[in-house]
Amino acid sequence: MIKLKSAEQIEQMKVAGALSKTALRRVGAMVRPGVSTFELDQLAEQIIRMHGGTPAFKGYGGFPGTVCASVNEAVVHGIPNPDVILRDGDVISIDTGAIVDGWVGDNAWTFFCGTPSPEVRTLCEITRDCLKAGIEAAVPGNRIGDIGHAVQQLAESNGYGVLRDYVGHGVGRAMHEEPNVPNYGKPGRGVRLEPGMVIAIEPMITLGSPRVEVGSDGWIVTTRDHQPAAHYENTIAITLDGPVILTADDQGPWCSMEGGAL
């Protein structure tokens with residue numbers, strides 16, 4: 001069942017979203033050669049807890065980390081590890097979630113470590129544009145398929161793969177609510193978007209084949225052809241005035257705009 005949120009509840013969700021974005025920004029600023037993904041995870045947990053939040057991912061289904069840290073061919077769900085050391089040219093998807101007053105904020109971004117190759121930089125730029133296209137389609141009267149189609153059309157027209165195995169989702173007092181939000185679809189198909197719906201739109205796009213596999217730890221998802229992937233995510237509220245990004249920088253007292261908007 002889809003749980004619609006009131007205007008007041010959406011305002012409350014902005015606080016969780018802002019903290020999740022703040023953690024994401026601060027961790028992203030720490031990405032550089034020589035840093036371990038475990039160090040990134042420690043910083044994220046410190047930031048979330050010091051501002052009165054709870055890490056949404058830690059313990060979820062047994063996941064041990066505060067962030068998902070997925071490097072290069074890892075698409076999502078990478079477990080932070082002191083032995084995974086970032087190198088120049090890597091890209092890393094960092095997914096953070098924070099709970100504040102029972103509400104969840106969920107977002108992700110792919111960061112460059114040093115200087116990426118031109119083809120990986122372009123992959124990330126197009127994936128970021130896919131997120132923007134998906135958000136622009138998230139208006140009342142459209143359907144879930146319109147969001148997926150916007151993402152799929154842009155990615156595939158540029159020669160990239162679109163994951164089928166993992167999708168976006170509803171967000172609220174639980175991190176994963178209905179409906180699912182695929183990054184592929186046909187216009188006019190699927191659940192109709194209504195004011196009060198809150199969803200996470202998260203394109204997961206690959207440089208090569210979209211086929212993936214789960215690692216031996218039961219969590220990390222990597223491309224089967226070992227080509228790099230990119231992943232971007234925001235939590236969005238559907239409103240009569242258009243889509244509202246709840247994981248934004250300017251919605252909490254601790255937020256800083258230093259470093260440019262994510």
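Values reported hereafter were calculated over all heavy atoms of this structure, with side chains retained and with hydrogens, waters and symmetry mates removed.
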* Asked: Can Q12 and D101 be said to form a side-chain contact (heavy atoms from CB on, under 4.5 Å), step by step?
  -> CA-CA 8 Å; Q12 293 169 354; D101 294 330; over 6 Å; no
Assess, by modelled atom type and distance only, whether the side chains of [X] and [Y] contain a donor and an acceptor separated by less than 3.5 Å.
| X | Y | answer |
| --- | --- | --- |
| D90 | N72 | yes |
| H169 | E177 | no |
| S36 | E39 | yes |
| T206 | T223 | no |
| D225 | S209 | no |

Single-linkage hydrophobic cluster [X]~[Y], side-chain heavy atoms < 4.5 angstrom:
| X | Y | answer |
| --- | --- | --- |
| I220 | V76 | no |
| L154 | L207 | yes |
| L86 | L43 | yes |
| V27 | V35 | yes |
| Y160 | V212 | no |

Nearest non-hydrogen partners of [X] and [Y], listed with the distance:
| X | Y | result |
| --- | --- | --- |
| N142 | A137 | ND2-O, 2.9 Å |
| Y232 | P203 | O-CD, 3.1 Å |
| G62 | W219 | C-CZ2, 4.0 Å |
| I135 | P243 | O-CG, 3.2 Å |
| N107 | G17 | OD1-O, 4.3 Å |
| V104 | V171 | O-CG1, 3.5 Å |

Measuring from [X]:[atom1] to [Y]:[atom2], what's the distance to the nearest 0.5 Å?
| X | Y | atom1 | atom2 | answer |
| --- | --- | --- | --- | --- |
| T54 | E45 | OG1 | CD | 10.0 Å |
| T235 | K14 | OG1 | NZ | 13.0 Å |
| I199 | N180 | CD1 | CG | 11.0 Å |
| E178 | M1 | CD | CE | 8.0 Å |
| T66 | I94 | OG1 | CD1 | 12.5 Å |
| K132 | I126 | NZ | CD1 | 12.0 Å |

Does [X] reach the side chain of [Y], with side-chain heavy atoms less than 4.5 Å apart?
| X | Y | answer |
| --- | --- | --- |
| E194 | I238 | no |
| D88 | P33 | yes |
| M13 | V198 | yes |
| I92 | T110 | no |
| K5 | W103 | yes |
| L246 | I236 | no |
| V162 | E156 | yes |
| R211 | L163 | no |

Any donor and acceptor pair, going by atom type alone, linking the side chain of [X] with main-chain N or O of [Y] inside 3.5 Å?
| X | Y | value |
| --- | --- | --- |
| S20 | A16 | no |
| D41 | P80 | no |
| Q153 | A150 | no |
| N158 | A155 | no |
| R192 | G141 | yes |
| T222 | E73 | no |
| R121 | P116 | no |

* Derivation and outcome, side-chain contact (heavy atoms from CB on, under 4.5 Å), residues V181 and I147 -> CA-CA 8 Å; V181 186; I147 296 174; 4.1 Å; yes
* **Positive for ring-ring contact (aromatic ring centres under 6.0 Å, His included) with H77, one of Y166, Y60, F63** =>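 Exactly one pass, corresponding to Y166.
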Tell me, yes or no, whether the heavy-atom count around [X] atom [atom1], taken from other residues, nucleotides or ligands under 6.0 Å, exceeds 12.
| X | atom1 | result |
| --- | --- | --- |
| R87 | CZ | no |
| E8 | CD | no |
| R224 | CZ | yes |
| R189 | CZ | no |
| D165 | CG | yes |

* To do: Would you please test Y184 and V151 for side-chain contact (heavy atoms from CB on, under 4.5 Å) and show each step?
  => CA-CA 7 Å; Y184 56 91; V151 173; over 6 Å; no
* Salt bridge flag under 4.0 Å for residues E125 and R128 ->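 No salt bridge links E125 with R128.
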* To do: List the steps, then state whether side-chain contact (heavy atoms from CB on, under 4.5 Å) holds for F38 with V84.
  => CA-CA 8 Å; F38 182 71; V84 177; over 6 Å; no
* Chi angles and distances behind the side-chain hydrogen bond (donor to acceptor under 3.5 Å, both in side chains) call for T247, N234 -> CA-CA 6 Å; T247 42; N234 270 315; 2.7 Å; yes
